[in-house]
Amino acid sequence: GQEYFFHSLKEYFHPEKLAKDLALAVGLGILSLTVFWGAYFSLRELLEIDEELIVRSTGEQFGVTKSNVLFVAPLTIFLNSLLEEFFHRGFAFGLLVKKNRWLGYLLPASVFTVQHMLFIYKWSTPLKLTIAVVALFVFALVLQAIYEKAQSLVTPWVIHVIADIAMMGIAVWLISGNRDSNRCDKPPYTRCDHQFARLSVKTGRSNERPIVPTATPIAEIISGSIML
């Protein structure tokens, strides 16, 4: 009954081990956040994705809009990540790795990756999907290794939470409309001038800004997904 349920939870989470591994979990979480934000903002010009399509698809797929994103974000960060850790690491990895180490590592990580790719494939090109697949798969392998070492779901969950803070931070930034500062119909026009300069080199046309401005594309999350 209730006693068995809480005993089972303790077997997965081992909260008494948190103090020992908390520094490692927070450190790796901050590292993942730094890598995520660093890659996003440094590659946003190179990995061009239509930000309007991202926001529209997010609303259509998940019902996330400007009015509810601040409510959805905490649920994604804390609850969704906990459920994913329980299933992918605690259940799937924990069960399979005892039977076959290779299968235990590769299958849950593959399922984790495919699950998130279903959320973002509409937004991306083959190149961006490849980058996302590699990033998600490596992230899953790291979480599995951490879980195996710590023997507690709390440690990979803390890492997952911090990574989701990075992802949802950008999602909130996009959906809340702050991306409008990067549109070519709003000053400053520096980034737009750079975009049109590259266009003029490719086409041989004038570098003059068109009358009807277009939005500067923006790199989407690697990992991402709206539900990391």
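Given the structure is predicted, the values throughout are model-derived calculations rather than measurements. Computed from heavy atoms alone, side chains included, the values below leave out hydrogens, waters and symmetry copies.
- A distance of 6.0 Å separates CD1 of I54 from CG of L174, quoted to the nearest 0.5 Å.
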Residues 107-114, side-chain donor-acceptor partners within the protein, below 3.5 Å, at least two apart:
unit_1: S110; atom_1: OG; unit_2: L106; atom_2: O; d: 2.7
unit_1: T113; atom_1: OG1; unit_2: A109; atom_2: O; d: 2.8
unit_1: T113; atom_1: OG1; unit_2: F137; atom_2: N; d: 3.4

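- Rounding to the nearest 0.5 Å gives a distance of 10.5 Å between OH of Y147 and OG1 of T155.
- Between D164 and F78 the shortest side-chain heavy-atom distance does not fall below 4.5 Å.
- The distance from the OG1 atom of T58 to the CD1 atom of I120 is 10.5 Å, given to the nearest 0.5 Å.
- Looking at residues two or more places apart in sequence or on another chain, you find no side-chain hydrogen bond (donor to acceptor under 3.5 Å, both in side chains) involving Q61.
- Taking hydrophobic clusters as Ile, Leu, Val, Met, Phe, Trp and Tyr residues chained together by side-chain heavy-atom distances below 4.5 Å, V161 shares a cluster with L31.
- Annotation: side chain of H88 is not in contact with side chain of H160 (no heavy-atom distance under 4.5 Å).
- In terms of hydrophobic clustering, with Ile, Leu, Val, Met, Phe, Trp and Tyr side chains grouped at heavy-atom distances under 4.5 Å, L118 and F139 are assigned to different clusters.
- L127 and L46 end up in the same hydrophobic cluster when Ile, Leu, Val, Met, Phe, Trp and Tyr side chains are linked at under 4.5 Å.
- Of the possible polar contacts, none joining the D21 side chain to the V154 backbone as a donor-acceptor pair under 3.5 Å is found.
- Atom OG of S32 is separated from atom CD1 of I30 by 9.0 Å, given to the nearest 0.5 angstrom.
- Scanning all heavy atoms of the two residues, the minimum distance from N80 to T76 falls at CB-O, 3.4 Å.
- Test L95, V97, L96 against F93 for side-chain contact (heavy atoms from CB on, under 4.5 Å) and you get one pass: V97.
- Rounding to the nearest 0.5 angstrom, the gap separating the CG atom in L82 from the CD atom in E85 is 8.0 Å.
- V72 has its side chain out of reach of F62: every pair of non-hydrogen atoms, C-beta onward, lies at least 4.5 Å apart.
- A single hydrophobic cluster is not seen to contain both F87 and L103; linkage of ILVMFWY side chains at heavy-atom distances under 4.5 Å, directly or through other members, places them apart.
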Task: side chain to side chain donor-acceptor pair (under 3.5 Å) between E148 and Y105, worked out - done: CA-CA 10 Å; E148 186 176 33; Y105 263 89; 2.5 Å; yes
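- Heavy-atom neighbours of Y121 OH from other residues, nucleotides or ligands within 6.0 Å: at or below the threshold of 12.
- No donor-acceptor pair closer than 3.5 Å links the side chain of S176 to the backbone N or O of W173.
- Minimum heavy-atom separation, L153 to F86: CD1-CA, 3.7 Å.
- We find the CD1-CE distance between I77 and M168 to be 6.0 Å, quoted to the nearest 0.5 Å.
- Shown here for L33 and I165, the closest heavy-atom pair between the two residues is CD1-CG2, 4.4 Å.
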